[in-house]
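Right, one structure below, let's go through it.
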Amino acid sequence: MRNETVLLLILLLSALLRSGSSSDTFNATQSIRDADVLVSVGETFVLGFFSPSDSGQRFLGIWYARVSGPTVVWVANRENPLNDSSGALSVDSLGNLIISSNNSASLVWSTNNSFLPAEVNSSPVVQLLDSGNLVLYQDVDKKVILWQSFDHPADTQLPNMKIGYKKTSSRTWSITSWRSYDDPRPGNCTYMADPTGYPQMFLYKDGAPHWRTGPWTGSRWSGIPEMRNKYIFNVFFVNDGDEFSITYTMINTSILSTLVVNETGTVDRMNWIEQEHRWTPMYSAPGEPCDYYNQCGPNGLCDPYKADQYMCSCFPGFQPRYPNHWSLRDTTGGCVRNTGASICQSGEGFVSINNTKLPDTSIAQVNMTMTLMECESACLRNCSCTAYASATESGGGSGCLMWYGELNDSRTFNIGQQIYIRVDAAELARETKMNSRNGDKKVIPEIMVPVLAAAFLLVLVFVILIIRHRRGGRRLPALWPRTPNNPSSVAKPLDTKELDRTSKSDAGLPSFKLSSVADFTDNFSLSNRLGVGGFGTVYKGVMSDGTEVAVKRLSEFSRQGDEEFKNEVNLIARLQHRNLVRMLGFCLEDNEKILVYEYLPNKSLDAFLFGWLTLSNWVGPICLDKSKKSLLDWRIRFDILTGVARGLMYLHQDSRLRVIHRDLKASNVLLDTAMQPKISDFGMARMCGGDQSEGTTNRVVGTYGYMSPEYAMEGVFSVKSDVYSFGILLLEIISGKKISSYYDEGSSTNLAGHFWELWKGGRCMEIVDESIAVDEPHSWKEVLKCIQIGLLCVQELPTDRPTMSTVVFMLGNETVLASPQQPAYTIRKKNNMGTTNNSSSDSAASINQATISIIEGR
Ligand SMILES: *[C@@H]1O[C@H](CO)[C@@H](O)[C@H](O)[C@H]1NC(C)=O
Ligand SMILES: *[C@@H]1O[C@H](CO)[C@@H](O)[C@H](O)[C@H]1NC(C)=O
Ligand SMILES: *[C@@H]1O[C@H](CO)[C@@H](O)[C@H](O)[C@H]1NC(C)=O
Ligand SMILES: *[C@@H]1O[C@H](CO)[C@@H](O)[C@H](O)[C@H]1NC(C)=O
Ligand SMILES: *[C@@H]1O[C@H](CO)[C@@H](O)[C@H](O)[C@H]1NC(C)=O
Ligand SMILES: *[C@@H]1O[C@H](CO)[C@@H](O)[C@H](O)[C@H]1NC(C)=O
Ligand SMILES: *[C@@H]1O[C@H](CO)[C@@H](O)[C@H](O)[C@H]1NC(C)=O
Ligand SMILES: *[C@@H]1O[C@H](CO)[C@@H](O)[C@H](O)[C@H]1NC(C)=O
Ligand SMILES: *[C@@H]1O[C@H](CO)[C@@H](O)[C@H](O)[C@H]1NC(C)=O
Ligand SMILES: *[C@@H]1O[C@H](CO)[C@@H](O)[C@H](O)[C@H]1NC(C)=O
Ligand SMILES: *[C@@H]1O[C@H](CO)[C@@H](O)[C@H](O)[C@H]1NC(C)=O
């Protein structure tokens, strides 16, 4: 692998460094041969020859001296590798820096400068600077630079390096990915500036736009809201008509930071954490589906934060070009003007949309001196102007951007810019009416709530007094179902202001008002978002008494009526078990269906197991924290899987409801402070209008890998489908490997198949997670037993699989276990969007059965 090779190389080199002498400079009389290196003065960078793969091909490159991980930042002879170690770097008689080889007739690489005679006759000096820049100076006083590697970037933008272009010297600075992780030849992904219209940066993949930064807003790219946080970088942006470029420098120069175009088609910003000796990804784009270029087609708007609707919609005044395709979620056709729209006639105007990434500006024109008002009238005057916006954000916005044509590749952020879309008189009237209605709505909560609440309180007190009186002082039934085994979490009496009295439920489960739930979660703000799943979005909330809660806002695909839904919620709320997450209340208002749960600060099992915080949005640095995994020793893991088994058994058998979970997976197992597991999302299928007993369903809810074959293929589900998911979860807990990682790697078998192979060969311990300390014989036996139980759970035929009560019994007792049959299927995911596998694939899985394909195993 690239990283290991480089690491090895560094080790070799450091040995070499200690013995030989190394400097950062050489002149025309000297050369750097294959075994030599240059080391920058601060020992930050090394220049030398390296082989990224076993093929023996040699490249001249620059890499970090003291870093492991992806370290090669520049490669000279990318397109023409040496076949042996006969290469040498030197300065030729014309003053060019060249790589030559005695075994090659032609030059391997040359800086190709055509110098003036004065320059040639000088005595050039080559130096590797501590910034990672290889510089060819005209002579020893180092005043005139003839050539520098920073003008010819490879796949990495280092601090102080420019990306952009300069027209007068017809120079472009762009970065291009490697062909693969061990092949530095130029690959298919390039990050560069596009000078058309109002300039912006693009990531091209196979020559087509893949991701766009959006235009510069004065302090950041329109499409990268997190660039507002300037605590690490100083950013220098130039756009003077001739040069368009961006340069980063580090505020603390001892922090290493790179921007790399990955061969997989992402732009990754990474920082080196010295203390922990590793690279941390800071951001990676494109990340979510809305980041991909023109995801919703021309004149479409991509909004990933709509919990209850499809992410694509049309700009106001537009409708889907191909409604049939659109409803099948093929949005490439985008949107066209509403039929009968009368653009360029009197009465037309603009509708504003907040928080957008501005559309592709390659068809936009800019005037930095216009005010927004002048911008509006200028746009209105020209019939082909479709939208306008402020060009910069600073000082409340200044300058004027006008689009002449299709509005491509726009999306919503929770922090973004305002854009004004041209609409005809009819549409304008419609929008104005809608806004004023929204305006009226606002008045009610703000002014009337205290009044109404006070009135409610009065009535409530009155009613309570009457009831007490009638019952002769008997206490009211508790508002709250008690949970004696967990006294600390018994809720305090709720603030009655937050309750919706008109919709009280028979189980005594509180029903919250929408406005209160919105308050808990800071209006469902992005920063409170914990994650997105197949059934909706989860937010963290704080009730007015300080209790932390998790708020689940269900997405639209509940097909149940309100009454029916309420009944289900009340049934589900009665399920109480120490291994199930407790429901605290619900909200049913304005078509919103919201569930309020206890909040578990330890997050979900997958965060621990895979060192991975599910990232559904792009706020702040991304944390991948493998260290958490070591917290999970075998005892804790065993307790977790026993707890999950008990919780599932309760759902299947002990409760009178018989609930089939249908989406059991690591991210649906939450951990409390004592690392006790609590199953979440149970009963979702019931609540969301799924079938209620064994049977078939035409919509498969669930997550790839965890779905039993009969469920994934035929939609047949039963308690045994949950047993299958439990088996997969168990194998994940033991191996510390994600089931989905097997699809990513394109391997022909899956996790269960892998376990099975090793089981047959008696080599199971090979796959056991290394952070399980299984040194004592007792644990070994227990681990093996659990693997066997796991394999029993993932057998092909549902009838062969044990029930959950059998599983609980087997876990808790010394018994003779049956021999498992081979797990029969390998389910592979067909990635039809060509996007990377991210958290939203969960929801995609539950929407479209057609994305599942089955490959016969053996
Ligand atoms: C090149 O460098 C070497 C060693 O530093 C020095 O002895 C030599 O004079 C230099 N040659 C020229 C032409 O500067
Ligand atoms: C390496 O070998 C290939 C194939 O034999 C050849 O085309 C190429 O020119 C060689 N490269 C050098 C630098 O000699
Ligand atoms: C090429 O051959 C000459 C003469 O044998 C030798 O002096 C020189 O160092 C060689 N160059 C390289 C790059 O191996
Ligand atoms: C130098 O020029 C030659 C011939 O024009 C070309 O093949 C080669 O790729 C150029 N090298 C570089 C590093 O641009
Ligand atoms: C790069 O793109 C070309 C043409 O689209 C394609 O044939 C080739 O397979 C791609 N290479 C990689 C590494 O994706
Ligand atoms: C800069 O970063 C280094 C390494 O992370 C740290 O030790 C040092 O204290 C930082 N300096 C400042 C001024 O923050
Ligand atoms: C590209 O991405 C892959 C997968 O995320 C990663 O393993 C690899 O190290 C990355 N390559 C570079 C050059 O950063
Ligand atoms: C959009 O933003 C403006 C300015 O920040 C604000 O006045 C307006 O109310 C917002 N409109 C909507 C619909 O949120
Ligand atoms: C920008 O707008 C101002 C005021 O409308 C106008 O005077 C100026 O010519 C415009 N500049 C350009 C480059 O169009
Ligand atoms: C409208 O703007 C376009 C693009 O700038 C320009 O080509 C066209 O002449 C303008 N039309 C009028 C009537 O000003
Ligand atoms: C918008 O995107 C479509 C396809 O996605 C492309 O055909 C069209 O040329 C683009 N329009 C502009 C103005 O960039």
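Note that ligands are numbered from 1 as they come in the structure, with each ligand's atoms numbered from 1 the same way. No hydrogens, no waters, no symmetry mates; every other heavy atom, side chains included, goes into these values.
Here the options are V37, L60, N77, D36, the test is side chain to side chain contact (heavy atoms under 4.5 Å, CB included), and the partner is F49; only L60 passes. Checking V126, L47, L38, D34 one by one against L89, the side chain to side chain contact (heavy atoms under 4.5 Å, CB included) holds for a single residue, L47.
No cation-pi contact links R66 to Y64, judged by a cut-off of 6.0 Å to the six-membered ring centre and 45° from its axis.
Ranking the protein heavy atoms by distance from atom 13 (C) of ligand 1 puts T29 CG2, 4.0 Å first. When only non-hydrogen protein atoms are considered, atom 12 (C) of ligand 1 lies nearest to N27 ND2, 3.2 Å. In terms of protein heavy atoms, atom 4 (C) of ligand 1 is closest to Q30 NE2, 3.5 Å. Of all protein heavy atoms, the one lying nearest to atom 14 (O) of ligand 6 is N252 ND2, 3.3 Å. Counting protein heavy atoms only, atom 5 (O) of ligand 6 is closest to Q275 NE2, 4.1 Å. For atom 3 (C) of ligand 6, the nearest non-hydrogen atom of the protein is S254 OG, 3.2 Å.
Checking only distances, D268 never comes within under 3.5 Å of ligand 7, N or O to N or O.
The heavy atom nearest to atom 1 (C) of ligand 7, out of those in N262, T266, V261, T156, is found in N262.
Not a single protein heavy atom sits closer than 4.0 Å to atom 7 (O) of ligand 6.
Side chain of N96 to main chain of D92: no donor-acceptor pair is present (N/O by atom type, distance under 3.5 Å, no hydrogens or angles).
Y204 and H210 have their aromatic ring centers separated by at least 6.0 angstrom.
For the cysteine pair C296 and C302, the distance separating the two SG atoms is not below 2.5 Å.
Under the 4.5 Å side-chain criterion, counting only non-hydrogen atoms from C-beta, I99 is not in contact with S101.
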